[in-house]
Amino acid sequence: MHGLYFEEFEVGRRFEHTIRRTVTEMDNTLFSCLTHNAQPLHIDREFCAGTEWGQPLMNSLFTLGLMIGISVNDLTVGTTIANLGMTDTKFPHPLFENDTVHCTT
């Protein structure tokens, strides 16, 4: 399968991506370590117990990267050289370990 070129996209077209991924504590720990992000909200279960969420949050940049990766096979594999810009990126709800990510573009 190949991705689409810019000219092939149609306004309003939806892509339901078939790839899904259940995220783990190890995903969060490794990503936080690789990016030198020592934020306790991602890696300290005891600290997080006292927060409004009561558990560690998945690192938001891991979440964004995972979502982009899930979309690649349907949208950009072999056709797009780079993501040249992202605007209005929001994280309206937290992602926790053992949640399964599925995406629609």
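Scope of the values below: all heavy atoms of this structure, side chains included, with no hydrogens, waters or symmetry mates.
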[atom1]/[X] to [atom2]/[Y] distance, rounded to the nearest 0.5 angstrom?
X	Y	atom1	atom2	answer
Asp27	Thr63	CG	OG1	10.0 Å
Asn59	Leu66	CG	CG	11.5 Å
Ile68	Thr89	CD1	OG1	7.5 Å

Shortest non-hydrogen contact from [X] to [Y]?
X	Y	result
Pro94	Leu57	CB-CD2, 3.4 Å
Cys48	Pro40	SG-O, 3.3 Å
Phe91	Ser60	CE2-O, 3.3 Å

Quiz item: Would you call Phe31 and Leu61 a side-chain contact if the rule is heavy atoms closer than 4.5 Å?
Solution: yes
Quiz prompt | side-chain hydrogen bond (donor to acceptor under 3.5 Å, both in side chains) partners of Glu7, counting only residues at least two apart | solution = none
Exercise. Please list, chain by chain and in numerical order, all residues satisfying side chain to side chain contact (heavy atoms under 4.5 Å, CB included) with Leu30, sequence neighbours excluded.
Key: Met26
Exercise. Treat each ILVMFWY residue as a node, draw an edge where side-chain heavy atoms are under 4.5 Å apart, and state whether Met67 and Met58 are in one component.
Key: yes
Quiz prompt | Val23 with Ile19, same ILVMFWY side-chain cluster at under 4.5 Å | solution = yes
When the side chains of residues 97-105 are checked against the rest of the protein, which donor-acceptor pairs come out under 3.5 Å, sequence neighbours left out?
from: Glu97; atom 1: OE1; to: Arg45; atom 2: NH2; distance (Å): 2.6
from: Glu97; atom 1: OE2; to: Arg45; atom 2: NH2; distance (Å): 3.4
from: Asp99; atom 1: OD2; to: Phe96; atom 2: N; distance (Å): 2.9
from: Thr100; atom 1: OG1; to: Thr22; atom 2: OG1; distance (Å): 2.6
from: His102; atom 1: ND1; to: Arg20; atom 2: NH1; distance (Å): 3.4
from: Thr104; atom 1: OG1; to: Glu16; atom 2: OE1; distance (Å): 2.9
from: Thr105; atom 1: OG1; to: His17; atom 2: NE2; distance (Å): 2.6

Quiz item: Between Thr76 and Gly3, is there a donor-acceptor pair closer than 3.5 Å when you use the side chain of the first and the backbone of the second?
Solution: no
Self-check item: Sidechain-backbone polar pair: Asp74 side chain, Ser71 backbone, donor-acceptor under 3.5 Å
Solution: no
Exercise. Run the numbers on Phe15 and Leu4 for side-chain contact (heavy atoms from CB on, under 4.5 Å), then give the verdict.
Key: CA-CA 12 Å; Phe15 295 86; Leu4 300 172; 3.5 Å; yes
